[in-house]
Every structure is written in structure tokens, then in C-alpha cells.
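This report concerns only the one structure given below.
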There are 2 protein chains.
Amino acid sequence: MSPRYSLEPVIQESTPSIIARKLRYAIAHGAVAPGSQLGEAELARELGVSRGPLREAMQRLTQEGLLISIRNRGLFVIEMTDAEIRDMYVLRTAVESAACKMLVGAGHVASGQDLLSKVAEMENAAVTGDHAAMSDADMAFHEHLVALSGSRSLVRIHTTLMIETRMCLAVLQYSHRVTDEWIEEHRGIAEAVRGGDGLLAQSRLNDHEDNALAQLTSAPASASIDSRRTRTRTRS
Amino acid sequence: MSPRYSLEPVIQESTPSIIARKLRYAIAHGAVAPGSQLGEAELARELGVSRGPLREAMQRLTQEGLLISIRNRGLFVIEMTDAEIRDMYVLRTAVESAACKMLVGAGHVASGQDLLSKVAEMENAAVTGDHAAMSDADMAFHEHLVALSGSRSLVRIHTTLMIETRMCLAVLQYSHRVTDEWIEEHRGIAEAVRGGDGLLAQSRLNDHEDNALAQLTSAPASASIDSRRTRTRTRS
DNA sequence: CTCGTTTTAATTGTCAACAATTCTAGCTCT
DNA sequence: AGAGCTAGAATTGTTGACAATTAAAACGAG
């Protein structure tokens, strides 16, 4: 990895972008609890920037749906109810299903092989018992699936959805016994893509997302999703 | 005081929201040409607000994809190429198709009737030759289709997509001969929903979007892989 | 002891001024 | 005359301070 050839672009990332990226990472990995308030002054002081750029970054995250803004009250990290998680998965399934449909017909064999390599990474993570790596590989598979479609629209929407997914995953723990069938589901999708059978890939994808959703919503350990102090106002 | 039974919430819309809404409307209806630059100082002076709230509004539109921001250069209204329009329709079809799938099974008869009333509005607009009303009714149909699904995620994404669609429609003019078959396509979708046949509705929706896309772009739409309704897996 | 009012503190919303960067035009040198 | 360089103007990026609004706590009356 010689850094000579991959020197970073000269266009410096704008300050709001940097802030937004850091906040996204913090939210996605559970560093800030869902439902907690993000004070502008506090964050600005902590990050060493002024409130102007920080407000723009917050604006982006609000637009993406990661934060909710209550006028003259403040910004809060979203608390996703089961219904909202289900709703998110509806959109996510729609996006990934559309990606599947685009994959077949244009180099689906190479795409399938590519996805199978991601499945191999998942297996490696599974045998070592590394839950974080398992989660990363899982998300990498889905991100790669959408990226292979070549659709910028789908990728953009999907990126946001994966952040929300990660946020949900950060709360609960994996159970060991589901990883095996999970891997098999991914392999099934990848093989369907390699075989060029779009409908089969879509149906398998549907089933997979349904299973993943069931893990997130009906899991007994997911009762601690909402934060300790639940002072959320339903009426805004 | 006349008694109002549906008093609207007193929450006053934030200034950036108002600005964003006005700008969206202006962009969607072609009041500002695609590719033109939007100067912050000029707009702020014109709207009678400061640059702070205006920047937040611009930030939203940039996030939505209606503007592109070039650092230290300015903000410009997007110019959508044919490829980008096609890409947008991929996402739009995915969203509306997912909405269709949700419609069947839960009061699909009422939903179908509801959609058919929208088709009737299109017919009224067609006989009077009012192209603007025709366009409005067309978009109302699709917005209603997604709204009936009850999914907030789908509605949110779709709203942005319809603005971009409107922006594209503002540029070109309608040709008379396509309106009739256009109406029939909508009616077909509505009737499929009323009949509870989700797959038929999806396939008809696919075909309809392909046709609409062909009207917008000069190049032919990318090969519609599996727009046909097929229960058996096709293997070519 | 409870309900209503008032005060107070903290937060966001807004604004005007300053700094940094980029494009353009004019100039000089070859 | 053409290419390269330099100075100017215009724009955005950033900052700090001030105003408006809200929620909660303290207080007093019934």
C-alpha cells in the first residue's frame, strides 16, 4: 500500500461534511444513545468548530432522518420503534430488490462471484466468533449488492438506510445460532445473482430481510432499545 | 368565531423550511433554469432573510439532490442528463412498486376505488386539454398511490422524486396523442390494485414508468428485464 | 396538599461582520 | 501574438454576539 499513487484529492472536504460524517459514525455505532439530546453549543465546543457549520451538519442528518428537530427545543437522536424499523426495512428491501433486478443481465456472473467473496468474509468472521466483523461483513454484502447496480440514486438512499440499520444493530446482541442460516441466505442470494435469476434473487432477498427484521423487532433482548429517560413528545 | 373542527397545529414553520419550500416550488416549476447559479446574497436580499437560514435551506435542497454545491463557487440548479433521469426512474419505480405490494391485502378494494377517482380527474383534465391540470392529476395519482401504502419512508423519498420529475416535466411539452394511453395505463394499475393482484399492478406500473421515461429521454430506456408478469422463473 | 402563576435558566433562531478561496482581467515576458 | 503570471473583485465559509422562545423550577393562593 504505497501512498504515492493514491494521494488524496486536493479538494478539501467542507467542514460540515466532516462534522456530519463524524456524527453519523457516532450515531451508527451507538456512541450517542437514541433519544439523547445534542446541544449545539456543547457539540461545537467539543468539536472545536463554530455553531454555523455544525448547524449545517445537523441539518443534513435531520434531512437524512437520523435526527429530529424540535423548534426551540433542540435536536434529538431518533428512537426507532418496531413499526418504524419495519417501515425502514420496507424501503430497504425495495432498494435492494431493485438493485438485484439491475444486476441480472449485465455481467451477473462476475457480480455473483463478487458477492460470494463477501459471503466468504462472513464465514471467516463467523468461525472466529467476531460479532463486529460479522456485522461489518453483513453490511458490506448489502452495500456491495447495491453498489454493483451502478445506480447512484439507489446507493445514496441505501447508505442512509444502512446507517440506521447499524444503529439498530448496535443496541442488540447477536445470537450464535442464527449466523449459520444467515450466511446461507446470503449465499443463496449471491448464487441466484450469479445464475442470472433475478426473480429468485429478489424472493430470497425478501425472505432474508424478513428474517433479519424478525431478529430486530421481536427479539426478547430488544426491550432496552428506548433510552432510560423517555420524555419523547409524540405531538410536535 | 366559526367553530373549526380540524384546527391545524399552531407550530409555526421554521424559516428555513419556508425558504426551502419556496425554492423547491420555483425549481420544480422551472422558474429558475437548470444550471443557473443561486447567489446567497442575492437570494437573501430578495427573500428578506439573512444568509444563515437561507444557507440551511440550500443545504436541504442540496441534500435532496436538487442543487449541487461547489466549494467557494456557489450553488447551482442540477441539470439532469438522460442517464440521471433514467436512474431517478429506477428508484421511483422501486418505491412505487413497493407501495403497490403493500396495498394489496389491506383494503385494496377501497384503495383501488380511490385511485380510480384520481384517474377520473385525469380524464377531466384531458378533455379540457389543460396540460397543467393533466400533469397535476398524473402526479397526484402517483403520490396518492404511495400515500395509501402508509409507509412514511416511501412517502418521504417519493416526495423528493416527484419534485425532480416535475422539474423535468416543466422543460418539455406534452404531446396529445399519448395522453389517452397514459390514462389507460393508470386505470390498469388502479384496477389491478382493486382486484388485489399485486404482481399485475407491479408489472403494469413497471411498463407505465418505462413509457413515461421514454417520453422524457431521447435514448431508449435500458432493457426492461422482467417487466412481464411471470410466476414461473424465466431462464434464458 | 394541589393547582395555578411567575420567574429563571437554557436552548435555539437570527443577524451582521470578517476571513479564506476562487475566477477573471490585465499585464509582462518570450 | 501567445503563454504565464499577478492583482483585483466577487463569492462563499466561518465566527461571535444578540434576540426570541421554550421548558422547568420556585413560589404563593385556595
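Note that the structure is predicted; figures quoted are calculated from it, not measured. Lettering follows sequence order; numbering is per chain, from 1.
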Between B/Gly35 and B/Phe76, which heavy-atom pair has the shortest distance, and what is it? O-CD2, 3.8 Å

Which salt bridge (charged side-chain N to carboxylate O under 4.0 Å, His left out) pairs, counting each pair once, include a residue from residues 30-39 of chain B, with sequence neighbours left out? none

Please, which pairs that meet ring-ring contact (aromatic ring centres under 6.0 Å, His included) have at least one residue in [range], sequence neighbours excluded?
range                       : result
residues 17-62 of chain B   : B/Tyr25-B/His29
residues 142-162 of chain B : B/His142-B/His186, B/His142-B/His208
residues 41-64 of chain A   : none

Once side-chain hydrogen bond (donor to acceptor under 3.5 Å, both in side chains) is applied, do any residues pair with B/Ser149, and if so which ones, sequence neighbours excluded? none

side-chain hydrogen bond (donor to acceptor under 3.5 Å, both in side chains) with B/Glu64: which residues, sequence neighbours excluded? A/Gln63, B/Arg24

Take atom [atom1] of [X] and atom [atom2] of [N], then tell me their distance rounded to the nearest Å.
X       : N      : atom1 : atom2 : answer
A/Glu56 : D/dG13 : CD    : P     : 7 Å
B/Arg55 : C/dC15 : CZ    : C1'   : 14 Å
B/Met58 : D/dT14 : CE    : C1'   : 17 Å
A/Leu75 : C/dT12 : CG    : P     : 7 Å
A/Leu54 : D/dT14 : CG    : C1'   : 13 Å

Check: residues 55-62 of chain B side-chain donor-acceptor pairs under 3.5 Å, at least two apart:
| unit_1 | atom_1 | unit_2 | atom_2 | d |
| --- | --- | --- | --- | --- |
| B/Arg55 | NE | A/Glu56 | OE2 | 2.6 |
| B/Arg55 | NH1 | B/Glu40 | OE2 | 2.8 |
| B/Arg55 | NH2 | A/Glu56 | OE2 | 3.0 |
| B/Glu56 | OE2 | A/Arg55 | NE | 2.5 |
| B/Glu56 | OE2 | A/Arg55 | NH2 | 2.9 |
| B/Arg60 | NH1 | B/Ser17 | OG | 3.1 |
| B/Arg60 | NH2 | B/Ser17 | OG | 3.4 |
| B/Thr62 | OG1 | B/Met58 | O | 2.8 |

For A/Gly52, which contact category applies under a 4.0 Å heavy-atom criterion: base, sugar-phosphate, or nothing? base

Phosphate contact (D/dT14 OP1 or OP2) by A/Thr15 side-chain N/O below 4.0 Å: yes

Within less than 4.0 Å of OP1 or OP2 of C/dA16, is there a side-chain N or O belonging to B/Arg51? no

Listed by chain and number, what are the side chain to side chain contact (heavy atoms under 4.5 Å, CB included) partners of A/Ala94, not counting sequence neighbours? B/Ala98

Residues from residues 38-50 of chain A sitting under 4.0 Å of DNA chain C, heavy atoms only? A/Leu38, A/Gly39, A/Glu40

Any N/O pairs under 3.5 Å between the protein and nucleotides 22-24 of chain C? List them or say none.
| unit_1 | atom_1 | unit_2 | atom_2 | d |
| --- | --- | --- | --- | --- |
| C/dC23 | OP1 | B/Arg73 | NH1 | 3.2 |

Exactly one candidate in B/Ile27, B/Leu161, B/Asp136 meets side chain to side chain contact (heavy atoms under 4.5 Å, CB included) with B/Arg166; the answer is B/Asp136

Specify the angle, to 10°, made by the local axes at the two ends of the helix from C/dC1-D/dG30 to C/dT30-D/dA1 when five pairs are taken at each end. 0°

Test of understanding: with salt bridge (Lys or Arg N to Asp or Glu O under 4.0 Å), list the residues that count as partners of A/Arg21, not counting sequence neighbours. A/Glu13

Given D/dT15, D/dG13, C/dG13, which nucleotide is nearest the side-chain atoms of B/Ser69? D/dG13

